[in-house]
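Order of the sequence lines sets the chain letters (A, B, ...), proteins ahead of strands, with each chain counted from 1. The figures that follow rest on heavy atoms only: side chains count, while hydrogens, waters and symmetry mates do not. Not measured: the values here are computed from a predicted model.
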2 protein chains.
Amino acid sequence: MIRVVVVDDEQLVRAGLRLILEAAEDITVVGEAADGSGALEQAHRLRPDVVLLDVRMPGVDGLTVAPDVVAAGPKVIMLTTFDLDEYVHRALRAGAVGFLLKDTPPRELATAVRTVAAGNAMLAPTVTRRLISSFADRGPARRDAARQRLAPLTARELEIVREVARGHGNAEIARRLTMSEATVKAHVSRALAKLQAGNRVQLAILVHDADLL
Amino acid sequence: MIRVVVVDDEQLVRAGLRLILEAAEDITVVGEAADGSGALEQAHRLRPDVVLLDVRMPGVDGLTVAPDVVAAGPKVIMLTTFDLDEYVHRALRAGAVGFLLKDTPPRELATAVRTVAAGNAMLAPTVTRRLISSFADRGPARRDAARQRLAPLTARELEIVREVARGHGNAEIARRLTMSEATVKAHVSRALAKLQAGNRVQLAILVHDADLL
DNA sequence: GTCCGGCCCGGACGGCGGGTAGGGGTCTTC
DNA sequence: GAAGACCCCTACCCGCCGTCCGGGCCGGAC
């Protein structure tokens with residue numbers, strides 16, 4: 001049996017959600033709250049498996065308490081009317097594993113509760129769409145390209161270039177790797193030639209794009 | 001009526017998918033293919049709304065043709081047995097808007113087809129979960145922090161620091177912005193002081209983290 | 001063995017990068 | 001309207017960066 005707490009400032013909405021969820025035989029609503037602080041208290045006291053958390057509420061809103069609720073143990077599904085980018089970002093960073101709009105069909109709501117209870121995630125289709133595009137944009141496209149450009153470097157060279165990308169000077173790198181500063185310069189110079197870069201800054205950019213730190 | 005093409009190397013799977021989808025009154029399967037090249041041909045000839053594309057197939061596999069199929073117009077849903085990270089990455093980068101596992105319940109499959117046909121996206125719960133965590137990890141956490149650190153800079157200083165982050169030297173920056181090299185140095189120096197950075201490399205890293213180009 | 005090639009190391013020189021000081025412009029503040 | 005603060009620009013000095021050159025080391029080819 002999946003134990004759920006429902007949080008929304010409107011009693012009518014809470015009642016509706018309760019009806020929908022209780023209709024599923026494997027789900028039971030063990031508590032309700034009307035604002036963020038109530039949600040946190042219930043999460044600690046009742047130890048539910050899932051918390052349905054409304055975004056906009058008077059007092060402490062849902063996005064604000066979301067990190068604390070997550071820390072208390074239960075999986076969190078955010079519930080809102082509008083899928084604003086900022087809402088989604090904050091919710092996901094807070095550790096929410098669900099983000100649904102209030103026009104979600106009842107059946108899907110129960111499915112979402114089961115999904116997150118099982119350790120997986122469920123998002124509204126529009127949210128998923130934008131998450132994908134943001135992933136495809138800043139995704140591993142540049143990363144792989146950068147790694148491929150860094151391929152011709154020797155192990156030692158790469159090691160030094162990584163130090164460069166940390167913003168360290170040649171003298172400092174020499175100390176860290178216990179070698180002469182002249183040697184560091186030579187390695188950097190070789191790397192610059194191999195990568196057809198003019199600056200050590202460009203080396204740093206490459207390493208950064210390649211996600212090496 | 002949503003027009004769908006089903007692509008899988010096993011005829012039995014194709015038949016099963018067709019049965020499932022045709023059971024929905026608003027969906028019709030207009031074509032089938034057994035490999036990637038067939039999928040591409042059908043996509044061009046039949047102009048379907050959605051293509052269900054298996055990942056592993058003899059000959060041209062699904063991930064390889066996915067970009068071309070997407071370019072041909074239809075929405076692409078990838079279908080696979082295992083949700084390997086590499087599969088998901090390549091599929092999303094290729095422009096797929098769906099990624100489902102073959103153990104998806106029939107009802108969800110029809111839902112997914114409708115969802116992507118409407119311009120949204122649908123992923124298997126396990127895929128969604130990892131997409132979220134990768135988003136939360138490398139998400140706007142550092143980005144916002146970096147922007148906050150860059151806040152004290154004046155407009156001109158930021159402009160110059162961005163040039164620095166592109167790997168340009170002071171002389172080149174001076175040419176681009178039509179000012180003296182000495183001026184560029186002064187601005188860089190101010191920026192270094194304000195941001196408590198020692199190197200121009202560290203400036204570049206900050207700008208890069210802040211996603212400013 | 002000997003030659004060859006790649007990698008790691010080091011030294012000496014020219015040029016770029018960064019620090020300091022100061023002048024001119026505009027907008028607030030009293 | 002004068003003082004002050006802020007931003008933008010410029011000029012000079014020094015240290016760091018990058019290049020060129022060369023030497024020691026290890027592996028494979030013949």
Side-chain angles (χ1 to χ4, degrees), chain A residues 144-213, chain B residues 144-213:
Chain A
D144 293 343
R147 290 194 177 174
Q148 201 162 3
R149 284 201 58 186
L150 291 174
L153 293 187
T154 321
R156 199 63 166 159
E157 286 164 353
L158 183 61
E159 190 175 5
I160 285 168
V161 168
R162 286 175 61 189
E163 288 296 318
V164 170
R166 289 196 160 101
H168 298 147
N170 288 337
E172 190 174 359
I173 298 176
R175 268 193 293 108
R176 294 193 173 223
L177 304 185
T178 55
M179 61 171 118
S180 169
E181 180 178 346
T183 306
V184 177
K185 292 180 183 177
H187 283 293
V188 172
S189 194
R190 282 178 178 278
L192 288 173
K194 282 184 181 176
L195 303 177
Q196 300 176 6
N199 274 332
R200 63 169 40 211
V201 176
Q202 299 178 10
L203 293 185
I205 300 298
L206 266 179
V207 173
H208 212 66
D209 282 346
D211 258 343
L212 303 169
L213 282 180
Chain B
D144 293 342
R147 289 193 179 176
Q148 202 162 2
R149 283 201 58 186
L150 290 175
L153 295 186
T154 63
R156 198 65 166 160
E157 285 164 353
L158 182 62
E159 189 174 6
I160 285 168
V161 168
R162 287 175 60 191
E163 288 297 318
V164 170
R166 288 196 159 100
H168 298 147
N170 288 336
E172 191 174 0
I173 298 176
R175 269 192 292 108
R176 294 194 172 223
L177 304 185
T178 55
M179 62 171 123
S180 169
E181 181 179 346
T183 305
V184 177
K185 291 182 181 178
H187 282 294
V188 172
S189 195
R190 281 180 179 278
L192 288 173
K194 281 185 181 176
L195 303 177
Q196 301 175 5
N199 274 333
R200 63 169 39 212
V201 176
Q202 298 179 11
L203 294 185
I205 300 298
L206 268 179
V207 173
H208 212 65
D209 282 346
D211 257 346
L212 304 170
L213 283 179

| request: State plainly whether the residues Glu159(A) and Arg162(A) are in salt-bridge range, i.e. N to O under 4.0 Å. | output: no

| Basic-acidic side-chain contact under 4.0 Å: Glu163(A), Arg166(A) | yes

Looking at [X], does any N or O in its side chain come under 4.0 Å of the phosphate oxygens OP1/OP2 on [N]?
X: Thr183(B); N: dC8(D); result: no
X: Arg156(B); N: dC9(D); result: yes
X: Asn170(B); N: dG17(C); result: yes
X: Thr154(B); N: dC8(D); result: yes
X: Ser189(B); N: dG19(C); result: yes

Which nucleotide, [options], lies nearest any side-chain atom of [X]?
X: Arg200(B); options: dG18(C), dG10(C), dC9(D); value: dG18(C)
X: Ala186(B); options: dG10(C), dG18(D), dC9(D); value: dC9(D)
X: Ser180(A); options: dC17(D), dG17(C), dG11(C); value: dG11(C)
X: Lys194(A); options: dC7(D), dC7(C), dA11(D); value: dC7(C)

Nearest whole Å is fine: how far is [N] [atom2] from [X] [atom1]?
X: Leu192(A); N: dC20(D); atom1: CG; atom2: P; answer: 11 Å
X: Ile160(A); N: dC7(C); atom1: CD1; atom2: P; answer: 14 Å
X: Asn199(A); N: dG18(D); atom1: CG; atom2: P; answer: 7 Å
X: Met179(A); N: dC8(C); atom1: CE; atom2: P; answer: 9 Å
X: Arg175(B); N: dC16(C); atom1: CZ; atom2: C1'; answer: 14 Å
X: Lys185(A); N: dC16(D); atom1: NZ; atom2: C1'; answer: 6 Å
X: Gln196(B); N: dG19(C); atom1: CD; atom2: P; answer: 13 Å
X: His187(A); N: dC21(D); atom1: NE2; atom2: P; answer: 19 Å

| query | Does one side chain, of Arg200(A) or Asn170(A), offer a donor that lies under 3.5 Å from an acceptor on the other? | reply | yes

| said: Checking the side chain of Gln202(A) only, and the main-chain atoms of Gly167(B) only, is there a donor and an acceptor separated by less than 3.5 Å? | reply: yes

| query | Checking Thr154(A) side chain against Arg156(A) main chain: does a donor-acceptor pair fall under 3.5 Å? | reply | no

| remark: Per nearest nucleotide of DNA chain D, the residue lying toward the 5' end, Glu157(B) or Ala182(B), is Glu157(B)

| request: Determine the contact category for Arg190(A): base if any of its heavy atoms lies under 4.0 Å from a base atom, sugar-phosphate if only primed atoms, P, OP1 or OP2 are that close, otherwise nothing. | output: base

